[in-house]
Structure formats: structure tokens, C-alpha cells
Student: 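A single structure is presented below for examination.
These numbers were taken from a predicted model, which means no experiment stands behind them.
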Amino acid sequence: DRRGPVPAAFPKGTSPFYVMKYEITQGQYAAFLNTLGDEASHFRAIHGGRDYAKFRGSITLGADGLYVAASPSRPANRVSWDDGCAFADWAGLRPMTDLEYTKAARGPERPLARAFPWGTASRARVLRVVRPDDELVTTGDADEKLLNDETREVFAASHYWVMDLAGSVWEKVVTLGHPVGRAFRATHGDGRLTSYGYATNEDWPKGDEGRGGYGYLGGGHYEHGKPEGEFNPHSPVSFRRYGSWGDAPRSLAYGFRAVRSAP
């Protein structure tokens, strides 16, 4: 937005941080819901809507009042910004910034034009895909225990072997391209949410308030058969068309990944 410098406290990826290797899974999200009170779980439940099960959703509410995910390892989609922040606060983590996303993807490598997180501008060798049964898997004879620096492209892994920074669901990030985002001080969650299931960190952008401060990077997988493009399912690291978009709906290809600052 060209409205001033980036504050010193804004995480730029130059200080060390831990990052979830995978996005939040549906099993993890169901476990999170089961720790919340009735009111909070109502606000944070992502399994509503007629097409949830049709489009990769597997979380249901059982007769015992507990949430369960039929596919616990499947990435959680239809996650809003507030949903993801609530999970991060509950887990003692925090949202990732756009510059940290770039660092997690590229590491110290010299940027390559239109490169994906695995370091090349090609998707020809990528074998990690969303199957027609909605599971995110590595196809063929590839096994993740064979992941190394030479096979990163096969597994769609980043410089640091972070998985699925492109090709699964969109990555939500705090953006330096908006004044609300630049006010982010990288405080960590403390496990406490509001009675309505919202994160309590004052410096984190708030989705339902509509004040912006966050965006989307990496691209995401939409419905099967949708033609592939620059944002479905993979987006190059440098593509920022939605990097400061700042809208917070639950949608088919929206997920979340959290981080934590390292000492």
C-alpha cells in the first residue's frame, strides 16, 4: 500500500522460526473443536454447508457430542482466517507472515523467475497430488522417506522440506502490504480463546472485523477437473495477486499453517 516502512518488530524471515511441516489436518482440527465450549465450537466449526462432504470435508459431530474426522490426515480446508488464528492461539503458535512464507519456501537460494517452493519453475516431476477421492498423497513409487535435496521437486517440498506450500490449500499470511498487518508483533498464542472462540492476541489481524492485514499465497487445489492455472493448484512463490487481499471466508481451497518464533 506504500504507506510507510515495515516496523522492526514485523517478522521478516531473517530471524529463526519453527514452521509446521504440514498444514493443519482435519484430525487436528477436530481435536481442537473437542476442547472448546459449546458457544466457541459453534463459531469455529468448519463442517457446515451442503457441499462440505462433497468437497474434501470429513469432520462430523457424533452422537456422543464429539467431533471426529473420517480422514484425519487430510488437510483441513474451508478454514477462515479467524478459524486458523484460533487454532494457532490454542496451540501456542502464531500466524506466519508473507516474508516468512518466502523464507520457508526458498531458504537462502537465489530467486528463480516463476519458481515454485521446490526450487524450479516446472511442475513436471511433482507426484504429490490431491486424488479424486480427496486424499493428498504422493503417487507412483515415491515414498516420503526418500525425500532429500535432490528429490524435493517430486514431493513438492521447500528448501527446508516444508510440505505443500503450494498445491494443497492456500497459505494464509500476515501481510506487510497493509497497516493492520504491519502492526503485527509476532506474539504467541497462550491457549486461551474468547467465549466465542476467537484468538485473543491484540496484534493479530481479525478476520470478521474486516480490517484486513492478511492475504493468501501459494495457490490451492479447487474441485477435480478444474483447469490448472497460475493459482490452481500451484502458484509460484513470488505471485502476490492475493497477498494482501484480506477477506476471511471459509472456502474450498483455504487452509492454514502456523509458526512459532525460535529463541
Side-chain angles (χ1 to χ4, degrees), residues 19-34 36 41-61 67-91 93 95-96 101 104 117 126 128-139 156 162-173 197 199 207-208 214-235 239 241-243 245-259:
V19 56
M20 293 174 64
K21 183 176 181 179
Y22 308 94
E23 295 134 342
I24 297 170
T25 67
Q26 296 191 25
Q28 290 170 332
Y29 200 85
F32 159 64
L33 289 174
N34 286 332
L36 304 181
S41 67
H42 172 78
F43 277 85
R44 297 281 72 86
I46 62 174
H47 67 288
R50 290 175 294 181
D51 60 354
Y52 177 70
K54 182 180 178 182
F55 293 112
R56 302 204 294 280
S58 78
I59 297 175
T60 57
L61 182 62
Y67 293 93
V68 62
S71 295
S73 297
R74 186 182 298 172
N77 61 330
R78 297 199 181 279
V79 177
S80 72
W81 175 259
D82 288 324
D83 295 332
C85 285
F87 183 97
D89 190 353
W90 169 80
L93 304 174
M96 171 170 56
Y101 168 87
V126 173
R128 190 162 170 84
V129 299
V130 178
R131 294 187 314 206
D133 66 356
D134 295 327
E135 299 299 343
L136 175 62
V137 298
T138 305
T139 60
V162 181
M163 304 295 287
D164 310 317
L165 286 171
S168 176
V169 288
W170 283 89
E171 304 287 336
K172 293 189 180 68
V173 295
D208 285 350
Y214 59 94
Y216 299 73
L217 297 175
H221 176 81
Y222 289 86
E223 62 267 21
H224 296 287
K226 183 179 178 67
E228 292 192 1
E230 293 180 340
F231 300 98
N232 174 55
H234 308 98
S235 178
F239 278 30
R241 184 178 300 172
Y242 304 106
W245 178 36
D247 206 353
R250 294 186 177 114
S251 188
L252 170 63
Y254 296 169
F256 203 91
R257 186 193 312 262
V259 304

Student: Quick one: list whatever passes ring-ring contact (aromatic ring centres under 6.0 Å, His included) with F32, sequence neighbours left out.
Tutor: Y29, F87, W90
Student: So does K54 have more than 12 non-hydrogen atoms from other groups sitting under 6.0 Å from NZ?
Tutor: no
Student: Check whether any side-chain heavy atom of Q26 sits under 4.5 Å from a side-chain heavy atom of P75, and report yes or no.
Tutor: no
Student: Nearest 0.5 Å, what's the OH-OH distance between Y216 and Y101?
Tutor: 14.5 Å
Student: Taking G84's backbone N and O only, do any of them form a donor-acceptor pair with K172's side chain (distance below 3.5 Å, no angle check)?
Tutor: no
Student: Is S251 reaching over with its side chain to a backbone N or O of Y254, donor-acceptor style, under 3.5 angstrom?
Tutor: no
Student: Calculate, to the nearest 0.5 Å, the distance between atoms CZ and CZ belonging to R50 and F55 respectively.
Tutor: 11.5 Å
Student: Got R56 and V169 here, is their nearest side-chain heavy-atom distance under 4.5 Å?
Tutor: yes
Student: Kindly write out the residues that satisfy salt bridge (Lys or Arg N to Asp or Glu O under 4.0 Å) with D51, not counting sequence neighbours, or none if the list is empty.
Tutor: R78
Student: Closest approach of A30 and I59, non-hydrogen atoms and distance?
Tutor: N-CD1, 4.3 Å
Student: How close do I46 and A76 get, counting heavy atoms only, and between which atoms?
Tutor: CD1-CB, 4.5 Å
Student: Could you tell me whether the side chain of E171 and the main chain of M96 form a donor-acceptor pair under 3.5 Å?
Tutor: no
Student: Considering non-hydrogen atoms only, spot the tightest contact between G207 and D82 and give its length.
Tutor: N-OD1, 2.9 Å
Student: Under 3.5 Å, is there a donor-acceptor pair between the side chain of R44 and the main chain of G197?
Tutor: yes
Student: Given the rule in the side chain to side chain contact (heavy atoms under 4.5 Å, CB included) test, do R250 and H47 qualify, once you have shown the distances and angles that lead to the verdict?
Tutor: CA-CA 10 Å; R250 294 186 177 114; H47 67 288; over 6 Å; no
Student: Is it the case that H224 and D134 place a side-chain donor and acceptor less than 3.5 Å from each other?
Tutor: yes
Student: Does a donor on one side chain and an acceptor on the other come within less than 3.5 Å for E135 and S71?
Tutor: yes
Student: Given ring-ring contact (aromatic ring centres under 6.0 Å, His included), test W170 with Y242 step by step and report yes or no.
Tutor: CA-CA 10 Å; W170 283 89; Y242 304 106; 5.8 Å; yes
Student: Do the ring planes of F231 and F239 sit parallel (below 30°), tilted (30 to 60°) or perpendicular (above 60°)?
Tutor: tilted
Student: Could you tell me the separation between the OH atom of Y67 and the CG atom of L36, rounded to the nearest 0.5 Å?
Tutor: 8.0 Å
Student: Distance-only, no hydrogens or angles: does the N232 side chain make a donor-acceptor pair with backbone N or O of Y222 under 3.5 Å?
Tutor: yes
Student: Can you tell me if D83 uses its side chain to pair, donor with acceptor, with the backbone of S80 under 3.5 Å?
Tutor: yes
Student: Is T25 reaching over with its side chain to a backbone N or O of R74, donor-acceptor style, under 3.5 angstrom?
Tutor: no
Student: What distance separates L93 CG from F256 CZ, expressed to the nearest 0.5 Å?
Tutor: 9.5 Å
Student: To the nearest 0.5 Å, what is the distance between CG on L61 and CG on L33?
Tutor: 9.5 Å
Student: Side chains of D164 and L136: does their closest heavy-atom pair fall under 4.5 Å?
Tutor: yes
Student: Hey, could you give me the CD/CG distance between E223 and L252, rounded to the nearest 0.5 Å?
Tutor: 6.0 Å
Student: So which heavy atom on H234 is nearest to which on G167, and how close?
Tutor: CD2-CA, 3.2 Å
Student: Is there side-chain contact between H221 and K226, with heavy atoms separated by less than 4.5 Å?
Tutor: no
Student: Examine the side chains of E23 and S168 and answer whether a donor and an acceptor come within less than 3.5 Å of each other.
Tutor: yes
Student: Search all heavy atoms of G218 against all heavy atoms of A166 and return the closest pair with its distance.
Tutor: O-CB, 3.1 Å
Student: To check you understand the geometry: which heavy-atom pair defines the closest contact between G219 and S235, and what is its length?
Tutor: N-CB, 3.5 Å
Student: Would you mind reporting whether W81 and P95 have side-chain heavy atoms less than 4.5 Å apart?
Tutor: yes
Student: Taking the side chain as every heavy atom from C-beta outward, state whether V19 and R257 have any pair of such atoms under 4.5 Å apart.
Tutor: yes
